[in-house]
There are 2 protein chains.
Amino acid sequence: MGTRRRGEELERAILHAAADELRESGYAGLTMDRVAARAGTNKNAIYRRWPHRAALGIAAYRHLSDAALPDPDTGSLRGDALEMLRKANETWSSPHGAVLRGLLAAAADDPELLTLMRERSGADTMDRAWLGMLERAAARGEAPAAAAHHRVATTPIMLLRAEYAMRGIPSVPDEVLVEIVDEVFLPLVRGRG
Amino acid sequence: MGTRRRGEELERAILHAAADELRESGYAGLTMDRVAARAGTNKNAIYRRWPHRAALGIAAYRHLSDAALPDPDTGSLRGDALEMLRKANETWSSPHGAVLRGLLAAAADDPELLTLMRERSGADTMDRAWLGMLERAAARGEAPAAAAHHRVATTPIMLLRAEYAMRGIPSVPDEVLVEIVDEVFLPLVRGRG
DNA sequence: CTTATAGGGTACGTGGCGTACCTTAAGCGG
DNA sequence: CCGCTTAAGGTACGCCACGTACCCTATAAG
């Protein structure tokens, strides 16, 4: 009776319900019927807003984490890089990360969804953080100025990403992170002099 | 009527049918009913051999390509590396590659399937080819011996893989490959002196 | 006060996986 | 040569989940 939710309010309720389902069951376990039930509405209201499950999943994902992105300042480039990698590894291996990987897999053959993902997952922001790190290192004289290059900055997380793609669910061991920094990232920075 | 196929013969027929379906419809479009129909048999015969769709998909994938893996010798490290990357890019952006990426996505949260994939997709072989390339370059005096390191060798393909994970279906543009080689791989090799 | 709009309820079509059962052919041991 | 075990064929089904179609009702806007 009385109150029938509409517009914004209903939309928030749906997204909230969907985010809860994501948290509890992951993307694979996210069903439209259960989201509708949990939000106390029906599938119509959902399909009027998102064309299919994947779109809802992606939209709901942002409600999971506001990803306080680290901006470490340990004093050394090596320390900063390791810190960044470790934080990323934590995030990706957490339940959040599992959800994110599930979404990524689901969007893998739909370019439209992929771009949506990138916007919502803050990948670009992360890239900029790495670039900033390199610039600070260059300012300290710890790295050549030519090292502050986009490809260089993104290399470590790209490697981490690929590592996840090859391995699967469990977190990447810390030794691998150290290797990425010591055997690839630092030599690479050095090599650009 | 005489002939009812059994054992090996039937198994080959099923795999052949599944491979055809993969080629035509990709992994997402691979259905058990159609494979059974195409092989002129029924789902029982399939489920007696593979526990689920994903397992069949992976088993059938090997019938698609025997991936003649390139072992270039252009005389320069840069040339060899670019050649390898370009071949990999071609493969990954071909229909074969689409199938492979579909399988990878499907196996993403099942470690057991992932290891199966790695065996069947010849990823390890590719890694060894890169290492060999680096060793030859070192022998020519074109690279420090310390550059022939596993992490270094796998970096370019890992970056390519990650690039696919971020972008989706279309092939990665050649400029990106060149950048990976010139801005990352070669400086990295140089930096390990 | 009327009317367009959007939500609620519900049922259904469709497709695909995996399973259950029974019937029938093949091969094998005696 | 014969029966028995094993594997194939045929078919139907349970189940689940997506997406759609209707029809009814509350809400807000004019």
Self-check item: Length of the line joining L10(A):CG and dA26(D):P, which is rounded to integer Å
Solution: 16 Å
Self-check item: Nucleic acid contacts of residues 23-33 of chain B, taken as heavy-atom distances under 4.0 Å to DNA chain C
Solution: L30(B), T31(B), M32(B), D33(B)
Exercise. Residues of residues 42-49 of chain B with any non-hydrogen atom less than 4.0 angstrom from an atom of DNA chain C: list those, numerically ordered, please.
Key: K43(B), N44(B), Y47(B)
Quiz item: Can you tell me how far P of dG27(C) sits from CD of E8(B), to the nearest Å?
Solution: 14 Å
Quiz item: Aromatic rings Y164(A) and W92(A): how do their planes relate, parallel, tilted or perpendicular, breaks at 30° and 60°?
Solution: tilted
Quiz item: When you check the gap from the basic side-chain N to the acidic O, do E163(B) and R161(A) get nearer than 4.0 Å?
Solution: no
Quiz item: Within the structure shown, what part of the strands sits under 4.0 Å from R53(B) by heavy-atom distance: base, sugar-phosphate, or nothing?
Solution: sugar-phosphate
Quiz item: Excluding sequence neighbours, so at least two apart, what forms side chain to side chain donor-acceptor pair (under 3.5 Å) with R136(B)?
Solution: none
Quiz item: Could D182(A) and R151(B) be called an ion pair, given the rule that one side-chain N must be under 4.0 Å from one carboxylate O?
Solution: no
Exercise. Classify the side chain of R4(B) versus the base of dG9(D) as yes if they form a donor-acceptor pair under 3.5 Å and no if they do not.
Key: no
Practice problem: Tell me whether the guanidinium CZ or amine NZ of R101(A) lies under 6.0 angstrom from the six-membered ring centre of Y27(A) and within 45° of its axis. | Solution: no
Self-check item: Interatomic distance, W50(B) CH2 vs dG18(C) P [rounded to whole Å]
Solution: 14 Å
Practice problem: With DNA chain C as reference, determine whether H52(B) or R6(A) sits nearer its 5' end, using the nearest nucleotide of each. | Solution: R6(A)
Practice problem: Could you tell me whether E135(B) and R140(B) make a salt bridge, using a distance below 4.0 angstrom between a side-chain N and a carboxylate O? | Solution: no
Practice problem: Before accepting this row, confirm whether a basic side-chain N of the pair E90(B)/R86(B) lies closer than 4.0 Å to the acidic partner's carboxylate O. | Solution: no
Quiz item: Roughly how far apart are M166(B) CE and T115(A) OG1, rounded to 0.5 Å?
Solution: 11.0 Å
